[in-house]
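As structure tokens, the structure follows; a few thoughts come after it.
Throughout, a chain's letter reflects where its sequence line sits, starting with A, and its residues are numbered from 1. This is a predicted model, so every value here is computed, not measured.
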Protein chains: 2
Amino acid sequence: MKEGLRERTRRAVRAELAEVAIGLFARQGFDDTTVEDIARAAGMTKRSFFRYFPTKEDVVFDGVDLTGEKVVADIAARPAEEDPWDSLHHVLRAWQEEIHASEQVLATLRLIEATPALVGRLHQRRTEWRRRVSDALQGRLGVDIDAYTADLLTNAATAVLDAVSSQWVRTNGHANRSALLEQGFIQVHVNRNLRQA
Amino acid sequence: MKEGLRERTRRAVRAELAEVAIGLFARQGFDDTTVEDIARAAGMTKRSFFRYFPTKEDVVFDGVDLTGEKVVADIAARPAEEDPWDSLHHVLRAWQEEIHASEQVLATLRLIEATPALVGRLHQRRTEWRRRVSDALQGRLGVDIDAYTADLLTNAATAVLDAVSSQWVRTNGHANRSALLEQGFIQVHVNRNLRQA
DNA sequence: GACTATAGTGTCACCAGGTGACACATAGGC
DNA sequence: GCCTATGTGTCACCTGGTGACACTATAGTC
């Protein structure tokens, strides 16, 4: 683990940059905060900011990343005979429980919700992620899921996730996310494909 | 109808601008086409382009607009005792059939799919639209739907819509959109809220 | 402990998407 | 024919983002 120091400082700078940025966004809004503002507040140049984050939007998603590389892997690892909807339920339940519901996360979600540009970026990321999940669902051995059904399943799963998130924000973080997720996955149900019928 | 002429020319210019833009995007890609390019190709200034479209992205959505003000109204007009999932099914079926599946629409969807910025913008618009649909669902008189369930319903409905759209593009427009929609709304099912149980 | 490759930084120049302000023309309503 | 909207070009400007270059500090090597 020799590569520690350099990477550690890098991550530390990233984290502080994100913290400073979120703070400024919360106070004066996303659009009224320039990258220069953030950079100067963190003691660096605009140019250097972009060496840590590809875009101004991405600094927001540093903590609340929904990429979930692990989710993709977990889906693929589920038994092939399991109902795919149950697989999604199982994996996403586990995944959600790992995200501790801090005040910070709540504030970030609120910020995203209030900023069109961030909403767009979030869904853009999620779209890429969904395609990977969808592929993972189809990729399980000995499964006869067609692409359309796989999309249906993943889209529906994120539909639940979104509703949970909205409700959680709506209740100022008082709602029980796990309970909401359970309820959602029961209220919404997606059948395996009915092709052969 | 005195306001005709002025508005008609305006819409005509808009339409031509959109056509020119789509053409350029198709040939050289969205990112490699500047607003100046579009404007000059349509015989006007960059500044004037922005008097017709708020952003470069929006010119793409001129034809494929998913805003559907009509959908919101139709939802609200459905009988309150109808199962909300069936209401969505009914309204969206009618809505989709109005969009004739032209080659142009297909090309546009492909363009969107291939351009991250457009994906973001699309979902951004759709998010706003969903909130309005969700409100409409809750707004029906004498209905006991809570906000969470309403979100669940609308999110799931757009999940179906997205899957249909993806599959349609995937099959180069050969798939039967109506049939996919029917299948989707049957495979996915969202129950009324189970609160009182 | 000095030495060199390399990561990180500032500076500068530049491009593209957008916006505000102003002056000018053109077309509509009277 | 006059007055007033409305549309247009021009110009100046801001912000997000990128490429190039020179400089500095550090990590690993001897």
Side-chain angles (χ1 to χ4, degrees), chain A residues 1-18 20-22 24-25 28-62 111-112 115-122 124-125, chain B residues 1-18 20-22 24-25 28-62 111-112 115-122 124-125:
Chain A
M1 299 293 161
K2 283 268 187 91
E3 330 90 340
L5 202 148
R6 218 135 187 173
E7 290 190 3
R8 254 187 307 163
T9 60
R10 183 170 176 84
R11 276 203 300 159
V13 174
R14 257 183 83 95
E16 201 202 316
L17 216 36
V20 168
I22 295 277
L24 288 175
F25 292 158
Q28 42 182 127
F30 182 81
D31 292 327
D32 290 340
T33 305
T34 75
V35 174
E36 278 254 12
D37 291 342
I38 303 167
R40 295 193 80 83
M44 60 172 65
T45 326
K46 174 185 139 192
R47 192 68 186 86
S48 273
F49 172 91
F50 286 111
R51 294 197 245 249
Y52 285 93
F53 294 97
T55 72
K56 182 184 169 187
E57 279 107 34
D58 282 299
V59 74
V60 173
F61 299 111
D62 200 37
L111 175 65
I112 294 172
T115 313
L118 293 176
V119 173
R121 188 81 180 180
L122 172 67
Q124 179 183 331
R125 283 178 162 231
Chain B
M1 297 290 164
K2 283 269 187 87
E3 329 90 340
L5 203 149
R6 219 133 185 173
E7 290 190 3
R8 254 187 307 163
T9 59
R10 183 170 176 83
R11 276 203 301 159
V13 173
R14 255 183 85 95
E16 200 203 317
L17 215 37
V20 168
I22 295 278
L24 287 175
F25 292 158
Q28 43 182 127
F30 183 81
D31 292 327
D32 289 340
T33 305
T34 76
V35 174
E36 278 253 10
D37 291 342
I38 303 167
R40 295 193 79 82
M44 59 172 67
T45 327
K46 175 184 139 192
R47 191 67 186 86
S48 273
F49 172 91
F50 285 112
R51 295 198 244 249
Y52 285 93
F53 294 98
T55 72
K56 181 184 169 188
E57 280 107 33
D58 282 298
V59 74
V60 174
F61 299 112
D62 198 39
L111 176 65
I112 294 172
T115 314
L118 293 176
V119 173
R121 187 81 181 179
L122 173 66
Q124 177 181 332
R125 283 179 162 232

message: According to side-chain hydrogen bond (donor to acceptor under 3.5 Å, both in side chains), who are the partners of B:Thr55, at least two apart in sequence or on a separate chain?
response: B:Asp58
message: Show every side chain to side chain donor-acceptor pair (under 3.5 Å) that has at least one partner inside residues 30-42 of chain A, sequence neighbours left out.
response: A:Thr34-A:Asp37
message: Output the rounded distance in Å from CZ (A:Arg51) to P (C:dT11).
response: 11 Å
message: What is the separation between atom CZ on A:Phe53 and atom C1' on C:dG8, rounded to the nearest whole Å?
response: 16 Å
query: Listed by chain and number, what are the salt bridge (charged side-chain N to carboxylate O under 4.0 Å, His left out) partners of B:Arg51, not counting sequence neighbours?
result: none
task: Looking at every strand, decide which applies to B:Phe49 at a 4.0 Å heavy-atom threshold: base, sugar-phosphate, or nothing.
output: nothing
- request: Please identify each residue that fulfils side-chain contact (heavy atoms from CB on, under 4.5 Å) with B:Arg11, with sequence neighbours left out.
  value: none
- line: Between its two end axes (five pairs each) the helix from C:dT4-D:dA27 to C:dC30-D:dG1 turns, nearest 10 degrees, through 20°
field: Any B:Ser48 side-chain nitrogen or oxygen under 4.0 Å from OP1 or OP2 of D:dG9
entry: yes
Which atoms of nucleotides 12-16 of chain D (N or O only) lie under 3.5 Å from a protein N or O atom, and what are those distances?
{"unit_1": "D:dG16", "atom_1": "OP1", "unit_2": "A:Lys56", "atom_2": "NZ", "d": "2.8"}
{"unit_1": "D:dG16", "atom_1": "OP2", "unit_2": "A:Val35", "atom_2": "N", "d": "3.0"}

field: A:Ala15: partners by side-chain contact (heavy atoms from CB on, under 4.5 Å), with sequence neighbours left out
entry: none
statement: Applying ring pair (Phe, Tyr, Trp, His ring centres under 6.0 Å) to A:Tyr52 and not counting sequence neighbours gives none
- line: From CG of A:Leu17 across to P of C:dG8 the rounded distance in Å is 14 Å
- prompt: Quick check: are there more than 12 heavy atoms from other residues, nucleotides or ligands sitting under 6.0 Å from CD of B:Gln28?
  reply: yes
message: Please report the interatomic distance CZ(B:Phe61) to CG(B:Leu118), rounded to the nearest 0.5 Å.
response: 5.0 Å
message: I need the CZ-C1' distance between A:Arg40 and C:dG10, as an integer number of Å.
response: 11 Å
- prompt: Under 4.0 Å between a side-chain N or O of A:Arg10 and OP1 or OP2 of C:dG8?
  reply: yes
query: How close or far is atom P of D:dT24 from atom CE of A:Met44, stated in whole angstroms?
result: 19 Å
field: Between OG1 on residue A:Thr115 and CD on residue B:Gln124, distance to nearest 0.5 Å
entry: 10.0 Å
task: Assign B:Tyr52 to base, sugar-phosphate, or nothing according to its heavy-atom contacts below 4.0 angstrom with the strands shown.
output: sugar-phosphate
